[in-house]
Amino acid sequence: LLDEDGYLVLSEYKGDRYVKPAVYERMKEQYIAQHKDSRKDRESLEREAEQYLAQQEPAILPIHSDFRLFAAMNPEEYEGRKSISPALRNKFSVKWIDELSEEEIKLILEKEFNIRGRNAQYLIDFYKGLRAISKKGSKHELGRAEGVSYYFTVRDMKKVALRIKQRQERRVGINFREAAIEEVYEVFGSRLRTEEDRDLFNILVENTLGESKRRDKDVEIKSDSEVVHIGEAVLRKGNFNFNSETKAAKLALVPSTKRMLEILTKAIEMNERLLLVGPTGAGKTAFLKYLAYVTNHSFVRINLDGQTDTSELIGKYGPKEGGAHLELEWKPGTLQRAMEEGSWLLLDEFNLAYPDILERINSLLDEDGYIVLSEHDGSKIKPAPGFRLFCAMNPERYKGRNRISLAMRNKFTEVWVEPQHSNSEFNEIAEFYLTDTDIYSFNPLDKESATQIAEEMIRVYKKMQAMIQTGEIG
């Protein structure tokens, strides 16, 4: 609020007046402390304090001469955006910030990542081609079959460039285009949902970066006392002891599972915010829980829905434990605790929550991510070094799902997670869960029995999948 003299009133509505809640509670406690010797009980003093404060003028703060106010937003046609009234917009000097030009992108690649000349042009040609085939109405539009929009920006290009730089530092003498192909497949290609999209992507990569020599490889997983290696990605171990949660974190490490683990591990190593998208039961949570388990990191999961509010994530005021009657204290939410403790946090069912709730974490998705406790004392919370944020959701076609704005999705490294196991892998997975003594308390099956049951389970599974595809069921 601004008063008539241009002062900022630090306040929110409470009763018949405006006052900042945290300030109000402190002022009330000060009044009670000053009058505690009056032989009145706590309840009487609180009533007196509220009457006294109701007669006081709200606290005001003069604006410093160096203060400047800026506002930024995406276009109003983005999902979850509200229209700004003409009267409010008219109080700002409005500037349209256009996308970076090709020359500006070249300059970024050169100055920040030492990528210049022909190598920079390779990446820019790829980026321009990708933007062209993902544009709505284009002849070969990515996402058409799935009905999803892909949105690629310079932010994605910077991820690729940083990964290339790290890959070159680890493997001296590696060919630039070979490194670039590996990274564009992981940053861009891993979010594509259909074979049609992946075929278009493969053609673009070959036309701009050269023929891919990528082959399905057996990803090796090994660890020592300090780090875990999953393929070419490396994660430093934490200090958390899983103990009883070990069973729930185990996976059957078939080749396709290990390849997915390598993709996720690379993003975690680079401290990218991961958004896992895929059908129910695809393993989104299981992959993350396994990685937390093998790297000794605390793993926290929150299921979001339409009833979720910011107090669950950020925190709220509540009765003070052991305090006086009606004495309040700040109780941190799950997000604040995870950030301060350096835990891994998964926000599951991400697109079931309302967009305005999700926007509350927007500042945490930036490179220098943080949150401001505006609900408390206005302090700025930056995550501890081990903190990682993950989000997971089913596709938008699922009933009741909200569409996440393209601007927010672009702040994540998005990965499409879908079971793509071979017949032999399906059998191996089924046999693993039927014979592993850590997973079930009953006596495990012998190898021959497990194989027979696994084959029958896979037969039934594939039959049901075929019936779903043809519309016989579901």
Side-chain angles (χ1 to χ4, degrees), residues 74-81 99 123-160 180-209 212 214 256 259-260 263-264 267 272-284 349-353 355 358 365 390-420 468-469 471:
N74 295 116
E76 293 169 352
E77 58 266 23
Y78 280 36
E79 287 87 356
R81 264 56 185 180
E99 296 189 56
L123 288 181
I124 289 173
D125 289 343
F126 164 80
Y127 177 64
K128 287 165 59 180
L130 187 63
R131 292 291 298 266
I133 63 174
S134 60
K135 186 177 180 181
K136 282 190 176 296
S138 64
K139 184 178 179 181
H140 303 291
E141 181 185 328
L142 286 178
R144 181 184 301 169
E146 185 72 11
V148 62
S149 298
Y150 296 113
Y151 187 53
F152 306 104
T153 70
V154 174
R155 181 184 283 117
D156 297 303
M157 286 292 290
K158 291 179 68 174
K159 289 179 188 177
V160 169
I181 289 171
E182 288 288 336
E183 299 304 346
V184 298
Y185 269 101
E186 291 201 0
V187 173
F188 296 106
S190 60
R191 75 185 70 178
L192 303 178
R193 304 186 183 185
T194 65
E195 284 300 321
E196 178 184 335
D197 287 345
R198 286 187 278 272
D199 288 342
L200 286 174
F201 188 81
N202 291 339
I203 293 170
L204 173 65
V205 171
E206 290 184 6
N207 289 340
T208 56
L209 296 173
S212 173
R214 301 176 84 244
S256 61
R259 287 194 293 273
M260 177 57 69
I263 291 172
L264 300 179
E272 297 166 2
R273 307 307 190 209
L274 264 170
L275 174 62
L276 278 63
V277 187
T280 299
K284 300 184 291 293
E349 305 293 356
F350 193 58
N351 54 351
L352 279 181
L358 304 183
L365 304 179
F390 310 96
C391 297
M393 67 185 196
N394 297 124
E396 296 85 347
R397 66 174 182 269
Y398 278 42
K399 187 175 181 180
R401 265 58 186 180
N402 298 306
R403 189 171 290 275
I404 306 300
S405 74
L406 294 177
M408 172 166 279
R409 275 178 56 185
N410 186 247
K411 291 189 176 184
F412 289 95
T413 295
E414 186 173 328
V415 178
W416 174 250
V417 181
E418 183 179 37
Q420 294 180 333
I468 292 172
Q469 293 293 328

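Reckoned from all heavy atoms, side chains included, excluding hydrogens, waters and symmetry mates. Keep in mind that this is a model prediction, so the values were computed, not measured.
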Which pair of non-hydrogen atoms, one from [X] and one from [Y], has the smallest distance, and what is that distance?
{"X": "Gly400", "Y": "Leu352", "answer": "O-CD2, 3.5 Å"}
{"X": "Ala267", "Y": "Thr413", "answer": "CB-CG2, 4.4 Å"}
{"X": "Ala353", "Y": "Asn402", "answer": "O-ND2, 2.9 Å"}

- Message: Using the side-chain hydrogen bond (donor to acceptor under 3.5 Å, both in side chains) criterion, which residues pair with Glu418? Sequence neighbours excluded.
- Response: Trp416

- Message: Determine whether the aromatic ring centres of residues Phe350 and Phe412 are separated by less than 6.0 angstrom.
- Response: yes

- For this output row, return yes or no: ring centroids of Phe152 and Phe188 closer than 6.0 angstrom. yes

Treating [X] as the side-chain partner and [Y] as the backbone partner, does any N or O pair qualify as donor plus acceptor under 3.5 Å?
{"X": "Arg198", "Y": "Leu192", "result": "yes"}
{"X": "Lys284", "Y": "Gly278", "result": "yes"}
{"X": "Asp197", "Y": "Gly143", "result": "yes"}
{"X": "Asn394", "Y": "Glu349", "result": "no"}

Below 4.5 Å, heavy atoms only, C-beta onward: do [X] and [Y] meet side chain to side chain?
{"X": "Glu141", "Y": "Lys135", "answer": "no"}
{"X": "Val277", "Y": "Val417", "answer": "no"}
{"X": "Leu209", "Y": "Leu204", "answer": "no"}

Mind checking the [atom1]-[atom2] spacing from [X] to [Y]? Nearest 0.5 Å is all I need.
{"X": "Leu274", "Y": "Leu276", "atom1": "CG", "atom2": "CG", "value": "6.0 Å"}
{"X": "Thr153", "Y": "Lys411", "atom1": "OG1", "atom2": "NZ", "value": "10.5 Å"}
{"X": "Ile181", "Y": "Thr208", "atom1": "CD1", "atom2": "OG1", "value": "8.0 Å"}
{"X": "Leu358", "Y": "Ser405", "atom1": "CG", "atom2": "OG", "value": "8.5 Å"}
{"X": "Leu130", "Y": "Asp125", "atom1": "CG", "atom2": "CG", "value": "12.5 Å"}
{"X": "Glu414", "Y": "Ser190", "atom1": "CD", "atom2": "OG", "value": "8.5 Å"}

- Walk me through it: do Arg191 and Asp156 pass the test salt bridge (Lys or Arg N to Asp or Glu O under 4.0 Å)? CA-CA 12 Å; Arg191 75 185 70 178; Asp156 297 303; 3.3 Å; yes

- Residue list, side-chain contact (heavy atoms from CB on, under 4.5 Å) with Glu396, at least two apart or on another chain: Val148, Arg193, Met393, Arg403, Arg409

- Would you call the rings of Tyr185 and Phe201 parallel, tilted or perpendicular, where under 30° means parallel and over 60° means perpendicular? perpendicular

